[in-house]
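Data block below; observations after.
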Amino acid sequence: KVHLVESGGGSVQSGGSLRLSCKASGYTYRTYSMGWFRQAPGKEREGVAFIDEDGTITYAESVKGRFTISQDNAKNTLYLQMNSLKPDDTAMYYCAADPRPSMTTVQALGVTPLFWGQGTQVTVSS
């Protein structure tokens, strides 16, 4: 059974940094595409950053230059380094995994990724 567990959220001031982690288990990690999503109260869920099975990385325009997605295949862990945080980044952040090779394509087609973590809250104060 696929299991995703996020950690690393918290409260920071504007301009601060956080690193989110997503520990994956229950499947062969590198064979799935991965991504980070977020949802703020009253807003739709949005894709933040994705890593496809071939290593292609995609970012939402709103986080380009500030967030970095990476993974450690040996540890079955996905990361999201978030720098220069803004109050607009406040949201619940979710890790997602999908057996299809491209999370970027999954997102573009409006398809919901198959597996999700429970989320970790990020709060940025001004």
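Shortest non-hydrogen contact noted between R100 and T112 is NH2-O, 3.8 Å. Nearest heavy atom pair, residue V124 against residue T90, reads N-OG1, 2.9 Å. Annotation for L18 and G9: closest pair CD1-C, 4.5 Å, computed over non-hydrogen atoms. When all heavy atoms of A60 and G47 are compared, the pair lying nearest together is CB-O, 3.4 Å. Contact detail for T31 and T28: the closest heavy-atom pair is OG1-O, 2.6 Å.
The OG atom of S25 sits 6.0 Å away from atom NE2 of H3, with the distance rounded to the nearest 0.5 Å. Atom OG1 of T68 sits about 6.5 Å away from atom CG of N83, to the nearest 0.5 Å. Taken to the nearest 0.5 Å, the CG atom of L78 stands 8.5 Å off from the OG atom of S21.
Linking ILVMFWY side-chain heavy atoms closer than 4.5 Å, directly or via other members, places L20 and W116 in two distinct hydrophobic clusters. Under the 4.5 Å side-chain contact rule for hydrophobic residues, I51 and L109 do not share a cluster. Follow the hydrophobic side-chain contacts under 4.5 Å out from V122 and you reach I69 in the same cluster. Hydrophobic clustering, with ILVMFWY side chains joined whenever heavy atoms are under 4.5 angstrom apart, keeps Y79 apart from V63. L85 and M92 are assigned to two separate hydrophobic clusters, defined by single-linkage of ILVMFWY side chains at heavy-atom distances under 4.5 Å.
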Next on the checklist: Between V5 and Q118, does the side-chain contact (heavy atoms from CB on, under 4.5 Å) criterion hold? Intermediate values first, please.
Outcome noted: CA-CA 7 Å; V5 180; Q118 82 289 348; 4.3 Å; yes

Item to check | Step-by-step side-chain contact (heavy atoms from CB on, under 4.5 Å) determination, Y32 to D98 | outcome: CA-CA 5 Å; Y32 279 38; D98 196 282; 5.7 Å; no

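Considering only heavy atoms from C-beta on, R66 comes within 4.5 Å of D89 through its side chain. Looking at heavy atoms from C-beta onward, S14 lies in side-chain contact with P87 at the 4.5 angstrom threshold. Contact check for L4 versus F115: side-chain heavy atoms found under the 4.5 Å cut-off. Contact check for Y93 versus M82: side-chain heavy atoms found under the 4.5 Å cut-off.
In this structure a side-chain-to-backbone donor-acceptor pair under 3.5 Å is missing from W36 to A96. Within the 3.5 Å criterion, the main-chain N or O of N76 finds no donor-acceptor partner in the side chain of Q71. Here the side chain of Q107 pairs no donor or acceptor atom with the backbone of V111 at under 3.5 angstrom. Looking at E6, its side chain does come within 3.5 Å of a backbone N or O of C95 through a donor-acceptor pair. Using modelled atom types, one side-chain atom of S33 and one backbone atom of M103 make a donor-acceptor pair closer than 3.5 Å.
Residue pairs meeting the salt bridge (Lys or Arg N to Asp or Glu O under 4.0 Å) criterion with at least one partner in residues 17-35, sequence neighbours excluded, are absent. For residues 45-59, the pairs satisfying side chain to side chain donor-acceptor pair (under 3.5 Å) are R38-E46, D52-S102, D52-T104, D54-T56, T58-T104, with sequence neighbours left out.
Residues F50 and F37 bring their aromatic ring centres within 6.0 Å.
The side-chain hydrogen bond (donor to acceptor under 3.5 Å, both in side chains) check on T77 picks up nothing, with sequence neighbours excluded.
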